[in-house]
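Treat the numbers as computed from the prediction; the structure is a model and nothing was measured. Both counts, for ligands and for their atoms, begin at 1 and track the order of listing.
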Amino acid sequence: MSKDLDLSVYLVTDTVQCGALGVAETVRQAVQAGATLVQVRDPDADDDAFLAMARDVVETVRGTGVPVLLDDRVHLVAAAGADGAHVGQSDMPVAQARAILGPDPILGLSVETGEQLDWAVAHLGRGDIDYLGLGPVRPTASKPNHAPATGLRYLSGLAARSPWPCVAIGGVKAADTAAVRRSGFAGVSVISAICGQPDVRAATRELVNAWASGGLPPVALTIAGSDPSGGAGIQADLKTFSALGAFGTSVITALTAQNTQGVTGVHVVPVDFVAQQFETLVADVRIDSIKVGMLATAELADEVTELLGELDAPVVLDPVMVATSGDRLLDDDAVQAVRRLIAKADIITPNLPEAAVLLGETQATGLDEMSAQAVKLRELGADWVLLKGGHRLDARATDVLAGPDGVHELVSHVVQTKNTHGTGCTLSSALAALRPRNLDWPSTAAAAKEWITGALDHADELGVGHGHGPVHHFYRFWS
Ligand SMILES: Nc1ncnc2c1ncn2[C@@H]1O[C@H](COP(=O)(O)OP(=O)(O)O)[C@@H](O)[C@H]1O
Ligand SMILES: Cc1ncc(COP(=O)(O)O)c(N)n1
Ligand SMILES: [Mg+2]
């Protein structure tokens, strides 16, 4: 019988390591960030204290679909309302545990050696247990008396012989996750990689992402126009992706003839060929995040709206209307089509003039007005709105992020430079590059804002063009 167990990021609690945050709160945050299975473990607690803690944890994850197992104490599973148990080699024998639990609850078994695996294979039925925990991968503080760490290579040999899915346990870190996955395991089981980490959500997210990607870098897609001067459009997006560790792919919507002083012409790619670029790409390449920029015409905007429906990846929409130089990049009659596209986006990044056009209002001048407009823009259907304040710099460069739980400001110092060509393109593609490795949009936006401020800080080092030059996408790499 398959119980459809997702073992990929399996949290085992440690009361001491969870520290002041506590076991239940640690579990709550980890599950929120994507942990798939939880085991309550505290060998030192008496049954009453353990039961209370287990009930707390069960209550905390209720409704999430994430199962809760108890370490060792099979007799408390029913009382705690837990979904099963995990037994070690020196705990209650599997047959007895299964007899107490009945056929449905989840039962896991720790295995450390080839002999133990051979015994399990010879004596246990396929349905007696649901998974094996193989370890330790490294020596750990949680289980100091256990067998010396045998390492991943030895354990993956056991996993290959196991008729049950296996998780790797014992000192596993996010950086090990890709290797664990490639070694044939169904998941990583961790204590200290989550319990006691300064940011439990971020630590869990790192494991979840590392597992999901198998250690591969995210692939980001930009759907945008070309800027031959290299500071905006597709060129800025690919540089940004590269600088931030995402593999860049692109679908080109329009060619512009453009330099740092202005746009002298736009050649729109036929809609069918935009679709062909997209379909050919996604037929072969996984896409982890998408940035949409210049759309030029209503027809293209509608086509892209349709195409995005085929992918399940976060979408950043930069509703590009006018270049820094003042030249139009979107037909007047295309604004309605861009509004339709907004409903397909997770986050939109208008500048102040674009926000005013989308709302049919005058341009915001104060921060309160900016917040109000950001909130109103959410009604167009994107969960998140990053309203950029580059067109109203005072003592600070302040952007406003509006989301489901309110508004907050993203603040940086003002950079004294005229080289701001492509700042909007660069910021939106930074969001797309960073989202797969961050927990949520607020943390992604904070990282993107910090990065673009650095790119502006170093813009004058490039000396490209005579007008509004580009920002320095590779400031973290070039000396
Ligand atoms: N001179 C500056 N100093 C610091 N940050 C800036 C400056 N100009 C723009 N920014 C920032 O760059 C990003 C792009 O904003 P903005 O210039 O409004 O977009 P767009 O290029 O689409 O008009 C925002 O985060 C904004 O705060
Ligand atoms: C092809 C293309 N796409 C977008 C922009 C907007 O530039 P900015 O990032 O300064 O808003 C641009 N100038 N050219
Ligand atoms: Mg812009």
Side-chain angles (χ1 to χ4, degrees), residues 222-240 250-269 291-296 300 316-330 338 348-358 363-364 367 370 374 386-401 409-431 445-460 465 467-471 473:
T222 168
I223 304 176
S226 160
D227 168 17
S229 69
I234 288 279
Q235 289 80 359
D237 298 342
L238 292 175
K239 290 173 192 184
T240 301
S250 60
V251 164
I252 301 185
T253 55
L255 305 179
T256 70
Q258 181 173 188
N259 59 25
T260 64
Q261 297 174 304
V263 179
T264 62
V266 174
H267 190 68
V268 179
V269 175
K291 171 251 163 89
V292 180
M294 176 178 176
L295 291 162
L300 264 180
V316 180
L317 170 62
D318 184 14
V320 174
M321 295 181 187
V322 179
T324 308
S325 54
D327 300 287
R328 287 211 64 115
L329 297 171
L330 184 74
V338 169
I348 61 170
T349 61
N351 60 22
L352 290 174
E354 288 156 354
V357 171
L358 288 170
Q363 198 171 314
L367 277 178
M370 270 180 80
L386 177 56
L387 179 51
K388 299 173 295 190
H391 295 249
R392 64 160 290 287
L393 302 169
D394 41 35
R396 312 247 135 202
T398 306
D399 305 337
V400 165
L401 179 67
E409 292 175 4
L410 297 167
V411 183
S412 72
H413 59 271
V414 171
V415 181
Q416 298 303 335
T417 178
K418 68 174 174 135
N419 297 321
T420 57
H421 178 74
T423 45
C425 302
T426 298
L427 181 67
S428 55
S429 45
L431 292 170
K449 171 77 168 163
E450 186 190 333
W451 181 75
I452 195 171
T453 306
L456 277 156
D457 278 332
H458 293 268
D460 292 356
H468 294 290
V471 301
H473 296 100

*Asks:* When you compare ligand 1 with Val415, is there at least one nitrogen or oxygen pair between them that comes in under 3.5 angstrom?
*Replies:* yes
*Asks:* For atom 12 (O) of ligand 1, what is the closest protein heavy atom, and at what distance to 0.1 Å?
*Replies:* Thr423 CB, 3.9 Å
*Asks:* What I want to know is whether Thr398 and ligand 1 share at least one N or O pair that is separated by under 3.5 angstrom.
*Replies:* no
*Asks:* If the cut-off is 4.0 Å to any non-hydrogen atom of Leu427, which atoms of ligand 1 fall inside it?
*Replies:* 25 (O)
*Asks:* Are Ser412 and Glu450 close enough that a side-chain donor and a side-chain acceptor fall under 3.5 Å?
*Replies:* no
*Asks:* Is the closest side-chain donor-acceptor distance between Lys291 and Ser429 under 3.5 Å?
*Replies:* no
*Asks:* Only counting residues at least two apart or in another chain, list the ones meeting salt bridge (charged side-chain N to carboxylate O under 4.0 Å, His left out) with Arg328.
*Replies:* Asp332
*Asks:* Got a sec, which residues hit side-chain contact (heavy atoms from CB on, under 4.5 Å) with Leu238, two or more places apart in sequence or on another chain?
*Replies:* Thr222, Ile234, Phe241, Ser250
*Asks:* Polar contacts were defined as any N/O atom of the residue lying under 3.5 Å from an N/O atom of the ligand; does this apply to His391 and ligand 1?
*Replies:* yes
*Asks:* Pick one of side chain, backbone, both or neither for how Glu354 approaches ligand 1, counting any non-hydrogen atom pair under 4.0 Å.
*Replies:* neither
*Asks:* Examine the proximity of ligand 1 to Thr349 and report which part, side chain or backbone, both or neither, has a heavy atom under 4.0 Å away.
*Replies:* neither
*Asks:* Tell me which protein heavy atom sits closest to atom 26 (C) of ligand 1, plus the residue, atom name and distance to 0.1 Å.
*Replies:* Asp399 OD1, 3.5 Å
*Asks:* Looking only at distances, can you tell me whether any N or O atom of Leu393, backbone or side chain, sits closer than 3.5 Å to an N or O atom of ligand 1?
*Replies:* no
*Asks:* Taking distance alone, with no angle check, do Thr420 and ligand 1 share an N/O pair under 3.5 Å?
*Replies:* no
*Asks:* Return yes or no for this condition: an N or O of Lys449 is under 3.5 Å from an N or O of ligand 1.
*Replies:* yes
*Asks:* How would you list, by chain and number, every residue that makes a side-chain contact (heavy atoms from CB on, under 4.5 Å) with Val414, sequence neighbours excluded?
*Replies:* Leu393, Ala397, Gln416
*Asks:* Please list the nearest protein heavy atom to atom 6 (C) of ligand 1 with its residue and the distance rounded to 0.1 Å.
*Replies:* Leu456 CD1, 3.4 Å
*Asks:* Between the protein and ligand 2, which nitrogen or oxygen pairs come in under 3.5 Å, and how far apart is each?
*Replies:*
from	atom 1	to	atom 2	distance (Å)
ligand 2	9 (O)	Gly424	N	3.1
ligand 2	9 (O)	Cys425	N	2.9
ligand 2	10 (O)	Thr324	OG1	2.6
ligand 2	10 (O)	Gly422	N	3.0
ligand 2	13 (N)	Gln258	OE1	2.8
ligand 2	14 (N)	Gln258	NE2	3.1

